[in-house]
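What follows is a short report on a single structure.
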Amino acid sequence: LGKDVPNAKKYLEISESVFPTYDRWLLYELELVGDDKAQQIAKYEELLQRYPTNSELALDYAVLYFNYTYSNETKPADYAARQDKLKEILQKALNIEQTPLGNYLMSRHVNNQIADLEEQKRSIKGTTPADVAKKKDIDTQINQKYDELVIYSQKAADLYAQQTDLKQVDKIYYKEMLTDLIDYYQMKKQKVYQ
């Protein structure tokens, strides 16, 4: 788009008014924001207010926010808030359209929550009745998260199975979903009979 951002914005507004259904304008608007994550997030929020049923836009935002939440070496100070916001964004995207990638991302989000709970449980070193109760409570939460995980993993696996020409990355995601399902049934000590 060049370096003349004011003129780029001016002509983008004209273009959007003349051709309002051309989705390519959204990409240009996002490019104008640059690499600043906070500005990108604000732009996605603004665009989703204008285009609340655009499934591609919602899914792109979910991908950005997923990476914003989980692509850090250390957990950010607002990690829990980011997780809550991510779930909201993913749910909106899935309400617009059930996609393999949307369900995959939600399953990865829940999987991260399970890992966080397991980390909390490992940090409890004591054997007092209070410590045992805390561990039992965390086990209950992990069990509930697995019940949530299986919903999204199953949906993603089903959607990937329907595709006849999977890209390499989709094959990797599909394999992860199948692994989630295996883990779920092993954890629940259930057997699947066909």
**Message:** Taking the basic N atoms (NZ, or NE/NH1/NH2) and the acidic carboxylate oxygens, is any pair closer than 4.0 Å for Lys125 and Asp131?
**Reply:** no
**Request:** May I ask you to test the His109-Leu105 pair for a side-chain heavy-atom distance under 4.5 Å?
**Result:** no
**Asked** Without hydrogens or angle criteria, can the side chains of Tyr79 and Gln83 be said to hold a donor-acceptor pair below 3.5 Å?
**Response** yes
**Request:** With rounding to the nearest 0.5 Å, note down the distance linking CD in Gln98 to CG in Leu159.
**Result:** 7.0 Å
**Fill in**
OG of Ser153 to CG of Asn103, rounded to nearest 0.5 Å, is 8.5 Å
**Item:** Residue pair Leu59, Leu90: steps toward the side chain to side chain contact (heavy atoms under 4.5 Å, CB included) verdict
**Value:** CA-CA 7 Å; Leu59 189 57; Leu90 283 165; 5.6 Å; no
**Message:** To check you understand the geometry: which heavy-atom pair defines the closest contact between Leu86 and Tyr70, and what is its length?
**Reply:** CD2-CE1, 3.5 Å
**Prompt:** Can you name the side chain to side chain contact (heavy atoms under 4.5 Å, CB included) partners of Glu97, sequence neighbours left out?
**Reply:** Ser55, Thr99
**Item:** Donor-acceptor under 3.5 Å (Glu148 side chain, Val110 main chain)
**Value:** no
**Request:** Using atom types as modelled and distance alone, determine if a side-chain donor or acceptor of Asn54 lies under 3.5 Å from a backbone N or O of Leu57.
**Result:** yes
**Asked** Asp183 and Tyr146: side-chain donor and acceptor closer than 3.5 Å?
**Response** no
**Asked** Near Lys75 NZ, under 6.0 Å, is it more than 12 heavy atoms from other residues, nucleotides or ligands?
**Response** yes
**Request:** Please report the C-alpha distance between Leu64 and Lys37 in whole Å, then the side-chain angles of each, then the deciding distance to 0.1 Å, and finally whether the side chain to side chain contact (heavy atoms under 4.5 Å, CB included) criterion is met.
**Result:** CA-CA 9 Å; Leu64 173 84; Lys37 290 287 184 250; 4.0 Å; yes
**Request:** Verify side chain to side chain contact (heavy atoms under 4.5 Å, CB included) between Val150 and Asp180, making sure each step is shown before the conclusion.
**Result:** CA-CA 7 Å; Val150 75; Asp180 278 354; over 6 Å; no
**Item:** From CA spacing to verdict: side chain to side chain contact (heavy atoms under 4.5 Å, CB included), Tyr65, Asp60
**Value:** CA-CA 9 Å; Tyr65 211 90; Asp60 286 348; over 6 Å; no
**Request:** May I ask you to decide if Thr69's main-chain N or O and Asn72's side chain share a donor-acceptor pair within less than 3.5 Å?
**Result:** yes
**Item:** Validation row: Ile114, Glu118 side chains within 4.5 angstrom (heavy atoms)
**Value:** yes
**Prompt:** Taking C-beta and beyond as the side chain, do Leu48 and Ile89 meet within less than 4.5 Å on heavy atoms?
**Reply:** no
**Request:** Using modelled atom types only, decide if a donor and an acceptor are shared between the side chain of Asn143 and the backbone of Asp139 within a distance under 3.5 Å.
**Result:** no
**Message:** So Met106 and Gln91, do their side chains get closer than 4.5 Å, heavy atoms only?
**Reply:** yes
**Asked** Would you say the side-chain atoms of Gln154 and Asp158 include a donor-acceptor pair closer than 3.5 Å?
**Response** yes
**Within one Ile-Leu-Val-Met-Phe-Trp-Tyr cluster: Ile182 and Ile142, side-chain cutoff 4.5 Å** = no
**Complete:** CE (Met187) and CG (Leu149) are apart, to the nearest 0.5 Å, by 8.5 Å
**Prompt:** In terms of heavy-atom contacts, does NZ of Lys135 have more than 12 from other residues, nucleotides or ligands at under 6.0 Å?
**Reply:** yes
**Prompt:** When clusters are formed by joining ILVMFWY residues with side-chain heavy atoms under 4.5 Å apart, either directly or through shared neighbours, do Val33 and Tyr44 land in the same one?
**Reply:** no
**Complete:** dist Leu47:CG -> Gln40:CD (nearest 0.5 Å) comes out at 11.5 Å
**Prompt:** Is the charged tip of Arg82 near the ring of Tyr68: under 6.0 Å from the six-membered ring centre and within 45° of its axis?
**Reply:** yes
**Side-chain ion pair, Glu45 and Arg50, N-O less than 4.0 Å** = no
**Asked** How far does NZ of Lys145 sit from CD of Gln113, to the nearest 0.5 angstrom?
**Response** 3.5 Å
**Message:** Assigning hydrophobic clusters by single linkage (Ile, Leu, Val, Met, Phe, Trp, Tyr; side-chain heavy-atom cutoff under 4.5 Å), is Ile151 placed with Ile96?
**Reply:** no
**Fill in**
Checking Gln162, Lys155, Gln163 against Pro100 for side-chain contact (heavy atoms from CB on, under 4.5 Å), the one that qualifies is Gln163
Please list, one pair per line, the donor and acceptor atoms closer than 3.5 Å that link side chains of residues 166-179 to other protein atoms, with sequence neighbours excluded.
from: Glu176; atom 1: OE1; to: Tyr104; atom 2: OH; distance (Å): 3.0
from: Glu176; atom 1: OE2; to: Tyr104; atom 2: OH; distance (Å): 3.3
from: Thr179; atom 1: OG1; to: Lys175; atom 2: O; distance (Å): 2.9

**Prompt:** Can you get from Val132 to Ile124 by hopping between Ile, Leu, Val, Met, Phe, Trp and Tyr side chains that sit under 4.5 Å apart?
**Reply:** no
